[in-house]
Structures are given as C-alpha cells and as structure tokens.
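Here is the structure we will look at.
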There are 2 protein chains.
Amino acid sequence: MSAPTPLSDLEIARRATLKPITEVALAAGIPGEALELYGNYKAKIDPAKLGPEQGQPRGKVVLVSAMSPTPAGEGKSTVTVGLGDALAKAGHRTMIALREPSLGPILGMKGGATGGGYSQVLPMDQINLHFTGDFHAITSANNALMALVDNHIYQGNALGIDPRRLTFRRVLDMNDRALRQIVIGLGGPGQGVPREDGFDITVASEVMAVFCLATDLKDLKRRLSRITFGYTYDKQPVTVGQLKAEGAMAMMLKDAIKPNLVQTIAGTPALVHGGPFANIAHGCNSVIATQTARRLADVVVTEAGFGSDLGAEKFMDIKARSAGFAPSAIVVVATIRALKMHGGVPREELLAPNVAALQEGVANLERHVDNAAKFGITPVVGINRFSTDTDEEVDWVLEWCRQKGVEAASADVWGQGGGGDGGDELAAKVAQAINAEQNFSPLYDLDLSVDKKIETVAQQIYGADHVEFSTLAKHRLAEIEANGWGKLPVCMAKTQYSFTDDATRLGAPTGFTITVRELIPKTGAGFIVALTGAVMTMPGLPKEPAAMRMDVNDDGEITGLF
Amino acid sequence: MSAPTPLSDLEIARRATLKPITEVALAAGIPGEALELYGNYKAKIDPAKLGPEQGQPRGKVVLVSAMSPTPAGEGKSTVTVGLGDALAKAGHRTMIALREPSLGPILGMKGGATGGGYSQVLPMDQINLHFTGDFHAITSANNALMALVDNHIYQGNALGIDPRRLTFRRVLDMNDRALRQIVIGLGGPGQGVPREDGFDITVASEVMAVFCLATDLKDLKRRLSRITFGYTYDKQPVTVGQLKAEGAMAMMLKDAIKPNLVQTIAGTPALVHGGPFANIAHGCNSVIATQTARRLADVVVTEAGFGSDLGAEKFMDIKARSAGFAPSAIVVVATIRALKMHGGVPREELLAPNVAALQEGVANLERHVDNAAKFGITPVVGINRFSTDTDEEVDWVLEWCRQKGVEAASADVWGQGGGGDGGDELAAKVAQAINAEQNFSPLYDLDLSVDKKIETVAQQIYGADHVEFSTLAKHRLAEIEANGWGKLPVCMAKTQYSFTDDATRLGAPTGFTITVRELIPKTGAGFIVALTGAVMTMPGLPKEPAAMRMDVNDDGEITGLF
C-alpha cells in the first residue's frame, strides 16, 4: 500500500516530463504524414494515411467496466490508463482509447477527467480545456442543423415541419440549468416562429453519438443524413437528409473526426476521442479511435461509462456489434468503498474498515462479473486500491474472487502508476485472459422486437422480473415499428447507481420491475433510447462551482483543475 | 486589366502550393520555441517567447479602410492581402494582420472571408472552419459566465442581481434568428429562474472585444474582471470580478489569446486573430496580433471593418489609442461599383460603364479621404479593380485624386495577386506615404463628456449638423457619468452604408441629424457603445443558406466555400 500522495492531479501532471508527441507517434509506428500536430504534445491522426502494414484492425480489446459506482466514481479512467501503462511496461504493444472530457462538468464539480494520480493522460490541462476542438465542432454542427431547421420553418416551411414536434435540441458544452426549458422565436414576425425548446449538453447530442459510431467520413455523413430531427404536421419523421444539411455538418466535423493522440505519464500512447453520455447515448470513445488503435497496437485498453449494466452492455450490443469487433476481456473495476456502500454503509462511514459490509456488498460486484460472462468474455476483477483500504479488506475481496473462480488483482495505479509497479498484477491477469479463447456474442438478436430487446437487457443484465411500458412508451413502440426502426439496438437510459431504475436500491436487488417511460429513436446513431426514470440531458452547476476556484497566472499556468 | 478568372476562391486556394508554416515562421524570424503548430499550415505564436531583438513593436502600421461599401463589400480584405504581398515583393519586411472569419455568416451568405482571387490567406478552408478554435474558446468563456450568473441567481442570489436587468447575453457563432429573443429558466423551481434573454453572435460578445483589446493575459483578465453583466435590484452595476468568474474565463482563453500565423498565396506571413463586430464593437483584429506583427516586421498591413466612418475611426480612437501606437498610412479602398452606387445608379445597372455617375458618387470617397487626414495620417486611395471596370472609369478616378492632391493607384490584386503585378503601384504609393512625416492624434480627447465625444465624431467624421439623444439615451448618459464611466471612448454603432444613420442616404449627405437611441457601457472592453438605429447582434440565415451547398467528400475535400 502506498502512502497517500500530497500532490493534486494537476501538480502531478505538471511535474511529469512529456515526450514530444512526434516521438510518441514514431514509437507507435504512426507515419509522419498521418500526423497533424496541435502544439508539441497533441496530434490528430489521419487513419487514411496509416501505412499498408496497418491496414486491418487486429489488436485485442480490453474493456474496462465497473461495479455500480458511488457518486464519486470508482476510478475507471484511472484504471484504464494504469492498466495500459502496466501492459506496455510488460512488453505488450499497447494503446489506450478514452473519451474526451466535457467542459461543463469540469466547470461544475469534476475539475478534470483525464485519470488521476500517476495514471493520467497528458497534457491534462489542455485535454480538459478545448483540447483539439472536437466538442466545439460537434456543438457547431448540432447548432447549425437547428439554425437551419428554424430558418426553414421561418422561410415558408416547405417540408411542413411541426414546430411542436421537434425532437432535436441545440447544445452547449456547459452545465447550464437555465437553458433546459426555454421558449425561442419571440419578438414578432421578423424574429422567427415561437416554439418550446431547450439546450442539452454537447455530450448528449445525437451528433456526438453519430460521431462516435461512424467508421469514416462517408459513414459519418450517411449517419448524419438519417438523423430524425422532428416530425411533420402529418406526423411523418423529417431527417437531416431531407433538409440537405448533412454536407455542411460533415464539413464542420471533417477534422474533428480524426482521433487525437496524446500520452500517459508513463509515455504510453493514448487516443482520446469523442465522449457521448452513458445514459442517453452509448458512453464509449469513437469507433474510429478504437479501430485506429487496433491497427497500431496488439492490445487496446478502453472504457465504457458507468457499470457493466450500462456502459459495458452498450459497448457490446451497440458499439462492438456495429463496428464488427469482438472484445477479448472485461475488467470489472471494484473499490472497497463502493462494496461497502452496496453493503449498506452510510457515506460518512465509508472510510472505516468494515469487512462485514463487504460480505453484504459483494453481491453487486458478483452480478457485474456474471454480466461479463453473458457476452462470452472473460471477466477480471480489478480492485482500484485507495490508501484508506486495509489489507484485510482487499484480501477478503481477492479471496471471494478466488472462490467465485474469477481472476482478480488489486492495483494501486493512482498512487504508483501503471508505469511503476501499481498495475503489474492486474496486467498479468488481463494478459492471461486475452490469450484465452473468447466467444463474444451480443446479448440479443437485432431481429427481436424493441420491447423484447429491452426485456432481455432488463432481465439478463439488471436481474429484473419484468418490464413495464408506460402508455406513451407503448405508443412509441408502435410508431417505431411503423417507421421501420424496429431492428435497431436499444440504448438503455437508467440510473448508474442501481441495477433497478431507482438510484437508492443498492446491492443486487431481485424481484423488481423496470419501467420504461419513453422511447426516443436516434436514427442517425442507430439506436432506440429507452428512458427509465428522469434523465438529465443538461446538468446544472452546484452552489460553489469549481469554476470559481479556477485561474490562470500571467505565464499561462492554470490552477483549480484537479 | 486581367481577364476574369474562371476559378472560385476555393479552387484558387486549393491549387496554391503552401510552404510548411515552420518555414514561413523561420523567414519571419520567429524562434521555434515561440511556435505552436496546428497541423502543417497553421501555428500559434507565443509573444512571450519571441527573441530579445523582437522586444519592442516598431513596424509601421498601414490601415486599410474603405469608402461606404455596397452590400457586397468592396474587397478590403482582398486589398489588405494583396497590398501586403506587393510590399513584401518590393522588399519590405511585411506582415499582414487580419480578423478571423465568423462561422455564422459563412453558413449564411458569405461562403468564406479570407480575401479573394489571388489575394487570399491560406489554408482558406481551415481558417473559415474552426481555425485554431479561438472563437469557440470565446463562446465558451462568454457562456460560462452566463451559466455562472444564472446559477448564482438560482442558488440564492447573494449579489442581489436583478434578472430583469442583465445586459450580457449568451452567444453562438451561428446565424440563428430564433435565438434573438427567448425566455429561459422555465419548468419550475428546479430549472432556474425564468427571465427574458437572447443569444448574440459570438463576434458581438464583449468577451470578443476584450480579447481584441487586451495587451496580454494579465490585461485580458483585468478587462474580463471589469465587465458589467447587469445591475442589482438597487440598480448598481455588477461585474465579472464580483462573481469571481474572470479566472475561469481567462483560463479558457489562455491559448486562444496567442495570435495565429498563416500565409498568403504569395507566402507572406499573416496573423489572423480575433474578429469583433464593426458596429457594436470596434471591428479590428487583436491588439496582440498587431503588436506581435510590429515586433516581427517593418510594415504591418491591417484592416478595420466597413468604411472610414466606422472601422477607421474606431481603429484610431479606440484601438490605436488604447494600444499606444500611431498608424503611418490609411488606404481608402474604392471601387468603381461603389462610386456608381453613390452616384445614384441602381444595383442592376452597376456593371455598365458610367463616368457621369462617378462624378456624382465621388463625393462619398472624398469625405472618407478627408477623414483620414483628420487623424493626421496620409490617405492613399486604392481602387480595387474589377474585370468589368473600364479604363476610362478608372482613369477618371485617378485623375480626380490627382486634382484633389491625394495619392492613388488602381490595383488588380484579385485577378493577379499582390505577389504578381496587381499591387505594385499601390504598394509604391503606400511605401512613400509611410516614409512621410505623420502627426497621428485621436479625434477627440477622452476628457470630453460622452455626448460631446459622440458629437465630435458625428460632426467631424459623418458630416452631421447635430446629434439628438433619445430620452433613454439621456438617462443612460447620466447613469454613465454617475458610474464613473464618462472618460471611456465611444464606439459608434451605425449603418455602414451611409454617413447618416439611414442606410438609404448615399453619397456625402449634409444637413442631417444623428439620433442616438441607446448607450451601452462595455466596461471590460472599455468603451461606450452608442446605438443609432437598430443594430443586429444576431443575424439570420437567408432563404437559401450557403450551408445547403456545402459538402465534404470521402477524402475530406470541401466544396461550397467560395
């Protein structure tokens, strides 16, 4: 167990020595002509300009998932980075693929979102702030569409778009509660047509989901074109293609769509690209980044948002299926803190040693471990070690895993880094797993009806008894079938804190019902979002926003990211 | 006279051979450590890392202004680029400083805004689309402020901000009419506090004006801090500093504030940086870019929005005064087309030869020429030659200038480029002018009261008899004095088409009154905006937006920018 480090993430990041990104690229086998530099430590890679020997994706994919998290999160990005570093250290040709952080939550609560401690991707401040502009490009493309839509209505509305039935909203990469519900187009005939509207955060945009599922620029344009942004007065869907907006939108995304290369503190190459919400969307970095990494490396370590019930299930049923690759291992990140929480310990007592609570809480971990196997993939439990964890607690979990017959290792990648000794054991277990035979298959067949697909996920992954559909959701099911969207996979929007749709039901509940309130077809991304409970698509700022503590000095050095 | 080129601007741009930007930087004497690459053809320059021999700004400044333009514009950016190229060709160590284009108008009508023909800055497509992300960073900083403001009100409103008296608005770099007047914060107690609001286009943001007047990061933060975003229930101004938001805002702008280096078709170095509106703001590229260019070059060619009555006056009275430099020459761009329009020729007949109309219209040019002299600076008339102009027409204008005693040259920089022979004569006249003695002084003294400053501009520059202040404006004048803002310069918001506040009064009207409707203090930028007539701060899209014709092919090549 390492002593707690007194340095903040930003301080650790600042003390790290970065290699020029050209050097990182060279070591990763990326030809110079495929590299577009953004300063000395960031670059975009043009996949079309990789070498002929890098023709086909071949690297094995390790997905880092987690048990049901505490509100603080269980350090999935940190473990992803640390595991990647440890695999690289062990001699595997490794690349990491991560989501880009969203500016809104950074200004709100999070401070930063690029791993932590000695397992971070760098340059931390730049990745957290604007980075290479991808989210801004997505924001622009999304909002250009909506400006074109409202202009179309204003200029005569040849398509007969019903202003009361627009399903697409404007976005900002900001936590801005006051924009959730608004009325636009006020001020008289010269100022547009009044209607109800609202802004989502950029990561909730369907353009973001499309961006992250597209395989290339051509596929991006095709997917943008088939986005349904609303309905006509005749209740027929209207698409971006009908408005002829996909060309301009794709044009605005042509550079953003190239994956961003950075490095970890240990110098491992990482592609940080795209970042859709893990509730209203599928919560994984871009397919282009994952596939590019697989062309360049033997092992690709990547993550998916929240626990196995959300991110991992969507990774398998949406991303891997759509992109056509089979993951080779799933790491289920567990923390002593989260196990205790699921064992019923109140938040203020989570730091106190409590093996009895682990015994109660481990049922949550067990269901996540069992979920991995349902996709035919070997799970490995990775205990993300905190300095407050006791050896007794960690040993208890390892012993439980041994008895369960699942490989497990504790990892101190935060304190020691994967480039140090913090991730060696976990890396060894993962290396073992990816060499074992895997039998990946998605959970459900696309030919099932939408309600059956939802029931399959709810019963097999969540452990629900059955699914109830609201009157509205039943109505939508019929519409979806009538519009020919019934073969799309489902994208479940559910609380990340519980297997149920009630955030307060911890552990591994049984005998419960999942209620589907509403279904939202995302015809560009290519999935049907099923909403259970309220889903926040525009977060708010807290009483004391992190932004208030942020600053930059005269030399351009930042404080307040952490 | 050159034959009309059959190629579009985008096609000409695509055929040009670009030098690696590192080579352009090397030739301009920029040390490698001051250069941050954005791909192969764009770079940011960190002024703090220039060499010791580049310590003080010393280059002479040539301002390119214009007569009152037609709606199509008179090619000021094209002449600026072409003149810079021609000066460089003649052996002067030259740099060009331009504004960054705004995405909104590009998607609407303009197509592109980086010069034209053979006088363009490159890479044209990238400069027009996202570029190095500066406008996105400004959008983010602006909107972060407003999210913090509305959150402050929602979380208890300790500062007592009156939601009915907010003067700052959110922004998007988009032409989006429907966002001009909106109501936000709807949906009940959990969704914020309802209030009237609206979005401006990013170039109209005070953050943009601040960005363009700041001398460095420290000054940027100081100016951000003193922005007044609204008033309390007690009608006292509330500033960004009181909300403690300037640190986060400056942090978001820390990279954007570094000027962007690109090149012209002829390979002349150009700094393209910042771009405030020329009506509600001062309409010039950033002070940091102009001063950086002056540290690197002997001659800096730059432009200011619209005619001498707007851009040039503000360039002198706001930008040059605030930054502390004295311009050495003003080029007044004239076109045969605009002269005919001011001579009363209807739009559809502007292409037909008509010397008689020139005689009528030249009064407009004359007032612009005389305006330059009012700042103690030598004017040079530059006729931006079109292929439809006859030699007789051009000769008539040159002869008029000779009789008037003002230097003049015709320039075919669009058709031949300044790197060709198109700008040689104009460059020679300008080189002559900047070697002559200049006696720069701003038009008015800052100690004058705000109404007297406005009267001075209206009478001396516009030719008005007097200025009438609305009841509201009179009320504001008193408030401005009471709040201690009376020593700020004024920033006139007036139609660019006429010296009067009525866009239809062409030529050089006399005996008219300028009506000031409203005064808006911009305490961060450091000027008082005086609105005459309606000022559009959020443009709309036309019936057939340019965006509908834009596309990108599978190889990432763009069409529809022009």
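The chains referred to below are lettered A, B, ... by the order of the sequence lines, with proteins before strands, and numbering in each begins at 1. Side chains included, hydrogens not; waters and symmetry mates left out as well; all remaining heavy atoms used.
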Contacting region of B/Ala48 [heavy-atom separation from chain A under 4.5 Å] = neither
request  = Mind ranking B/His136, B/Met174, B/Lys244, B/Glu36 by heavy-atom pairs under 4.5 Å with chain A and telling me who comes out on top?
outcome  = B/His136
task = Examine whether an atom of A/Ile184 lies under 4.5 Å from a heavy atom of chain B, and if so say whether it belongs to the side chain, the backbone or both; otherwise answer neither.
result = both
remark   = Okay, A/Pro194 and chain B: the region with an atom under 4.5 Å from a heavy atom over there is neither
message = At a 4.5 Å cut-off on heavy atoms, which part of B/Leu129 comes close to chain A: side chain, backbone, both, or neither?
response = side chain
key: Proximity breakdown for A/Asn553 and chain B, heavy-atom pairs closer than 4.5 Å   = backbone
request  = Return yes if some donor-acceptor pair links the side-chain N/O of B/Arg180 with the main-chain N/O of A/Gly192 below 3.5 Å, else return no.
outcome  = no
note = Heaviest contributor of heavy-atom pairs below 4.5 Å to chain B, chosen from A/Ala256, A/Gly188, A/Ala137, A/Gly156, is A/Ala137
Segment of B/Asn175 engaging chain A (4.5 angstrom heavy-atom cut-off) = backbone
message = Does B/Gln191 form a side-chain contact (heavy atoms from CB on, under 4.5 Å) with A/Met538? I'd like the steps, not just the answer.
response = CA-CA 10 Å; B/Gln191 320 296 330; A/Met538 174 51 99; over 6 Å; no
ask   = Given B/Asp173 and A/Asn143, is the side-chain contact (heavy atoms from CB on, under 4.5 Å) satisfied, shown in steps?
value = CA-CA 9 Å; B/Asp173 189 12; A/Asn143 294 343; over 6 Å; no
Chain A contact via B/Arg170 - side chain, backbone, both or neither, heavy atoms under 4.5 Å = side chain
task = Could you tell me which residues satisfy salt bridge (Lys or Arg N to Asp or Glu O under 4.0 Å) with A/Asp162, sequence neighbours excluded, listed by chain and number?
result = A/Arg164, A/Arg165
Max heavy-atom pair count under 4.5 Å with chain B, selected residue of A/Thr132, A/Asp176, A/Asp46 = A/Asp176
query = Checking A/Ile153 against chain B: side chain, backbone, both or neither under 4.5 Å from a heavy atom?
reply = neither
message = Against A/Met251, only a single residue in B/Asp551, B/Ile558, B/Thr559 fulfils side chain to side chain contact (heavy atoms under 4.5 Å, CB included); can you say which?
response = B/Ile558
message = Quick check on the interface: out of A/Ile182, A/Leu179, A/Asn151, who has the most heavy-atom pairs with chain B under 4.5 Å?
response = A/Asn151
query = Listed by residue number, which members of residues 215-224 of chain B have a heavy atom under 4.5 Å from any heavy atom of chain A?
reply = B/Leu217, B/Lys218, B/Lys221
query = Under a 4.5 Å heavy-atom cutoff, which of A/Asp150, A/Asp555, A/Asp554 has the most pairs with chain B?
reply = A/Asp554
note = Cut-off 4.5 Å, heavy atoms of chain B, and the answer for A/Phe135 is neither
task = Select, from A/Gly556, A/Ser140, A/Ala245, the one with the greatest count of heavy-atom pairs under 4.5 Å involving chain B.
result = A/Ser140
key: Atom CD of B/Glu544: over 12 foreign heavy atoms under 6.0 Å   = no
key: Options B/Gly190, B/Gly104, B/Gly540, ranked by heavy-atom pairs under 4.5 Å with chain A, top entry   = B/Gly190
task = Could you look at A/Leu541 and say if it's the side chain, the backbone, both or neither that has a heavy atom under 4.5 Å from chain B?
result = both
task = Against chain A, label B/Leu37 side chain, backbone, both or neither, depending on which of its atoms sit under 4.5 Å from a heavy atom there.
result = both
task = Let me know if A/Lys254 has heavy atoms under 4.5 Å from chain B in its side chain, its backbone, both or neither.
result = side chain
key: Portion of A/Met252 that has a non-hydrogen atom of chain B nearer than 4.5 angstrom   = both
request  = Mind listing the closest non-hydrogen atom pair of A/Ala547 and B/Ala248 along with its distance?
outcome  = O-CB, 3.4 Å
